[in-house]
Amino acid sequence: MADRPACIAIAVLLLQLTAFANAIEPHLEIMPSGDTQTKPIGSSIILTCNPKVDNPELVQDMQWLDPQNRVIESLKLSVLPIERNHDLISSNTHTGHSKPAMYTELHQDHGLSLLFNSLQEEQAGKYTCKGTYAHNQPLNKSVTIDTIIAITWDDAPINQYPILGEDFSIMCRVRARPSPSVDWLYNGELIKTNDRYIINAYSLKIKNVQESDDGIYTCRASVLTTGELQERLIRVEVHTRPSIEEFPNPIDIIEGENANIECRATGKPPPTFTWIKTLTQQNLSIADRFGVDPVTGVLTITNVNREDAGEYQCTATNLAGTVNTNLQVNVIVKPKIMEFQNKTVVEGKSTEIMCKAFGRPPPVVTFRKLTADKQYVMGAQPQDDRIIMTYRPNDVSGETDGILTIQNALTNDDGLYECVAENAGGVAYKNGHLTVEFPPSFRNMPNITVYSWEQRPVNLTCIAESIPNATIRWTMFGDRTVENDIMIQVFGNGPISTLQIRPVDRRYYTNYKCIAANTHGTREHIIELKEATKPAELLSVKTVELTATSIRFDLIPPTPPDLPVKTITVQYKDNNQIWQNAKNKTWSVGSVYVIEGLKPQTPYDFRFAAMNDVGLGNWGNEQHEITPGRTVPNQPKILTTPGSEYEQSAFNNQYELSWLAPPDNGEPIDMYLIKYCQIRRVTGEWELVDNTCQEIKTQTRTRQYLKGLSSNTFYQVQLQAHNIIGYSKPGFAKFRTAKGTDTSVLQHQGPLLTSGAVIGIVVATIFIIFIIIDAIFCCVRKTGIIYIICERSRRKPVDEEDAKLGSLYGWRFPLPYCDQKMANVAGVTAIQDSGSGKNTIRLVKHTAIDEKEPLKEEKKITPIIDSGLRRETSITFDGKRSISKTGFVGKDSAV
Ligand SMILES: *[C@@H]1O[C@H](CO)[C@@H](O)[C@H](O)[C@H]1NC(C)=O
Ligand SMILES: *[C@@H]1O[C@H](CO)[C@@H](O)[C@H](O)[C@H]1NC(C)=O
Ligand SMILES: *[C@@H]1O[C@H](CO)[C@@H](O)[C@H](O)[C@H]1NC(C)=O
Ligand SMILES: *[C@@H]1O[C@H](CO)[C@@H](O)[C@H](O)[C@H]1NC(C)=O
């Protein structure tokens, strides 16, 4: 086979060579050259036949013959339809204006062209060009047209969508001539038939498609003979059928509200949704009050109707398929209470309170007493089994009867009750009243006796509780009747009634009976009217405190047979006056029975009487007292917690001291003197800490803050009241300050003392040693500074400079070393503990002035000098004379 074209080529070459050699041998030449022309179907071709002669004018009858040796018409001649070539003519040639499937065209140079509009498979074959030269020499030349079909994708969509889990054939229908062979590639790899892939003639079948089968597949077609190779890329995207997710079924929606019902589905590509109502097949996307979101699948119902209940269908659709599901929709109707009536029951009887409610589903009906915060529980109440709550729902009508049964009704069952109806749609409430009727009762009336005296009109009031209201009438004991007595008047006949009585004689002092009646019974209540009298004399009178200007009594009022004693009155006078001129004072019972403003050193007469509503009793219980003379105030009492050794301050740096003002004994208290010092406990005894004492004077207040105290420290405080005569005995107390952070210490984390403080301590220590030596010299050798000062103070009573010095020494090294008498005056005994070498100050409770000591010397009252050493003056009235005694008190002689 392969040899043939080569032979032809050689023959042609020889022929031409001979032609050149011997001028032109007449022949025909077909362009393009070649005995066989292989052309693809559908292509347009032109074959031109040229006569090769010396004189082209002599060429005649040029023709093309088809494979069936029919002459092919020229274009001009084929204006009319050529029926016989019907197979070869395209359908639009019937118009006559378009070109036929093949035709010829004659050229001026006597060449004849054969033209194919669109080569068809059937047009393949041998075509011959004929002609005549010089009238007798026939010319002839043939060419074979071989048709081929190029690779054509007949059915090979470039996007194909298999469905997950199913078998799928990827289509690739190829046409070609000669027939092609097809193979497949996926991700560049040749696919071989195996248990997943089956390669068919026109498709690749994938069994049980998975998502991983997504991708680009190559359908590759090749024709061996022509060497043609074509590839078709097919994108495969695995789709999933829609699947509707589970949702609650049935679903409840509430009447009158808007509802959203969601239908969710998965699938690839994402599905779209439609909803219909199953019964009517109505498409809800276009229905009134309904709305469908095709993307989210939400069905919206506006203002839900009862008729909206029923079955609905949701449909989800995507390219891979359609799925639907049915859903039952229940419309919930909010509860409504149709009937809850007021009820009346008689005490002790049973009743049922009924509450009718409606709703869908039928509501649960419960009750609550409006005064209680919790509803009753179903059935009998655990606390009160008289009360039973039940309800009967009716699923068909949607009605529920709630019943509250109250057995053996009590009066406190009376009141407002709340009926509560509840279902999934909401709650409804309604109140109703239960009236518990009961016979009259006097349970809230006090069992009192009414008193009158001296014909005073009185009211006897009777209140009868009952439902319905009771009527009241009165009777009285004895031989009279309430009616027709001008001394008795009745106001009201129920449920409140008042009897006004003017007891003009003893027979009105008797029992009165109030009789109340209603439909359920009659009850009686007795009120006694008694005659009241004035109180008797006091049971006991005692003097408990007597000062120069005041007296306090302990009084026990009489226990009255009828009306209680309200006040006690005392009359008092100087014993040489008459009672008409007496003064008086009235106390309410139970108060502090004190008379103030008495004169000192005066004999007094007192008499007492008690008073009640009737009046003042008789005077009696006469008492005689002589007030003592004027003197210093009594000892003030510091307010402390009873039973504790010391007070605890709430603060770490201060303490609030408060006290009771003592009786002033005839002269007003003008000042309080407060002294306080640090103390510490040494072997069970309290000991003063040197140099820590402070002094405060306050006017007439009875409280004082002591400030600037050290934290967590014990203090002793001494308080004296002062009047013009002098200082009282001191009152004492101990207290302790609270623990607290001392900021100055906290800041000194490093060396606790600054160098300045160290120098100060050293200087102070040297000074103290010097003083000790000086004191020893004072006592042993009678020399030194102290000795000189002592001598000077003995000679000159008051010298301010010396006094200050004296006070300083007097406290630290009490002057008793020099003058034992002064130490006694100061109220301090200092004892030197020779063993330890320490100065111990023991607190000795004796005062500057011993009041009981008889005074013999008469002195002038010297003015008080408020300096370090104070001259304390006491004035005592001794009959008609006044005697004063003066002593010295060291400034720091506290405690
Ligand atoms: C029930 O009693 C209340 C007062 O306690 C009253 O306001 C209401 O109108 C009554 N209801 C009926 C139905 O009689
Ligand atoms: C007694 O009751 C009547 C009527 O309520 C009233 O007018 C009168 O003032 C009352 N009298 C006394 C002493 O309470
Ligand atoms: C019962 O008595 C009370 C108190 O006096 C009064 O307020 C009420 O109106 C009466 N009720 C009837 C039904 O008369
Ligand atoms: C008490 O004294 C006042 C006058 O000081 C006098 O009016 C009054 O009647 C006296 N009261 C008694 C109970 O003596």
Side-chain angles (χ1 to χ4, degrees), residues 336-347 351-358 365 367-372 401-404 406 409-421 428-446 448-474 476 482-483 485-504 508-509 512 514-523 525 527-532 562-563 612-615:
K336 201 176 281 176
I337 294 173
M338 316 301 289
E339 190 184 322
F340 187 33
Q341 282 189 341
N342 294 339
K343 199 92 193 212
T344 297
V345 65
V346 178
E347 188 180 17
T351 188
E352 280 187 351
I353 307 176
M354 166 97 78
C355 179
K356 282 183 192 291
F358 167 82
V365 176
F367 295 90
R368 178 172 79 95
K369 190 151 195 232
L370 224 57
T371 49
D401 291 344
I403 299 158
L404 187 69
I406 299 178
L410 302 177
T411 51
N412 61 5
D413 293 329
D414 187 283
L416 279 175
Y417 286 77
E418 183 181 63
C419 169
V420 182
Y429 303 92
K430 196 174 173 115
N431 290 347
H433 195 265
L434 174 68
T435 307
V436 179
E437 297 196 337
F438 57 95
S441 153
F442 301 103
R443 65 191 122 195
N444 290 325
M445 268 198 66
I448 54 156
T449 303
V450 178
Y451 290 98
S452 181
W453 55 92
E454 294 162 1
Q455 307 187 359
R456 266 168 58 113
V458 287
N459 280 348
L460 273 52
T461 299
C462 183
I463 303 170
E465 284 175 44
S466 69
I467 297 177
N469 282 346
T471 55
I472 291 177
R473 64 194 175 83
W474 293 88
M476 69 186 277
V482 168
E483 296 83 24
D485 189 324
I486 52 159
M487 295 303 156
I488 298 178
Q489 245 186 307
V490 181
F491 298 95
N493 62 351
I496 301 174
S497 179
T498 300
L499 205 60
Q500 193 180 46
I501 304 166
R502 177 185 285 273
V504 291
Y508 289 98
Y509 292 106
Y512 294 82
C514 157
I515 304 161
N518 73 357
T519 47
H520 303 298
T522 302
R523 297 286 185 281
H525 183 68
I527 301 175
E528 189 183 8
L529 177 61
K530 270 181 143 179
E531 186 166 19
D562 32 56
L563 292 174
N612 66 8
D613 283 342
V614 181

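Whatever order the structure lists ligands and atoms in, that order sets their numbers, starting from 1. Numbers here simply count residues along the sequence, with the first being 1. Remember, predicted model here, so these are calculated numbers, not experimental data.
- Side-chain atoms of Lys430 never come within 3.5 Å of backbone atoms of Glu339 as a donor-acceptor pair (strictly under, hydrogens ignored).
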May I have every N or O pair linking ligand 1 to the protein at under 3.5 Å, one per line with atom names and distance?
residue	atom	partner	partner atom	Å
ligand 1	2 (O)	Asn342	OD1	3.4
ligand 1	2 (O)	Asn342	ND2	2.2
ligand 1	11 (N)	Asn342	ND2	2.8
ligand 1	14 (O)	Asn342	ND2	3.1

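- The distance from the CG atom of Leu563 to the CH2 atom of Trp453 is 5.0 Å, given to the nearest 0.5 Å.
- The environment of NZ in Lys336 is sparse: at most 12 heavy-atom neighbours from other residues, nucleotides or ligands sit within 6.0 Å.
- A donor-acceptor contact shorter than 3.5 Å links the side chain of Ser497 to the backbone of Gly492.
- Contact atoms of ligand 3 toward Pro495: 2 (O), 4 (C), 5 (O) (distance under 4.0 Å to a heavy atom of the residue).
- Annotation: side chain to side chain donor-acceptor pair (under 3.5 Å) contacts of Ser452 (sequence neighbours excluded): none.
- Not a single heavy atom of Pro468 sits less than 4.0 Å from an atom of ligand 3.
- Under the 3.5 Å distance criterion, the side-chain polar atoms of Asp401 are left unmatched by any main-chain donor or acceptor of Met354.
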Between Ile515 and Thr522, is a side chain to side chain contact (heavy atoms under 4.5 Å, CB included) present by the stated rule, with each step listed?
CA-CA 7 Å; Ile515 304 161; Thr522 302; 3.6 Å; yes
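- Numbered from 1 in the order shown, with element, the atoms of ligand 2 that lie under 4.0 Å from a heavy atom of Asn459 read 1 (C), 2 (O), 3 (C), 8 (C), 10 (C), 11 (N), 12 (C), 14 (O).
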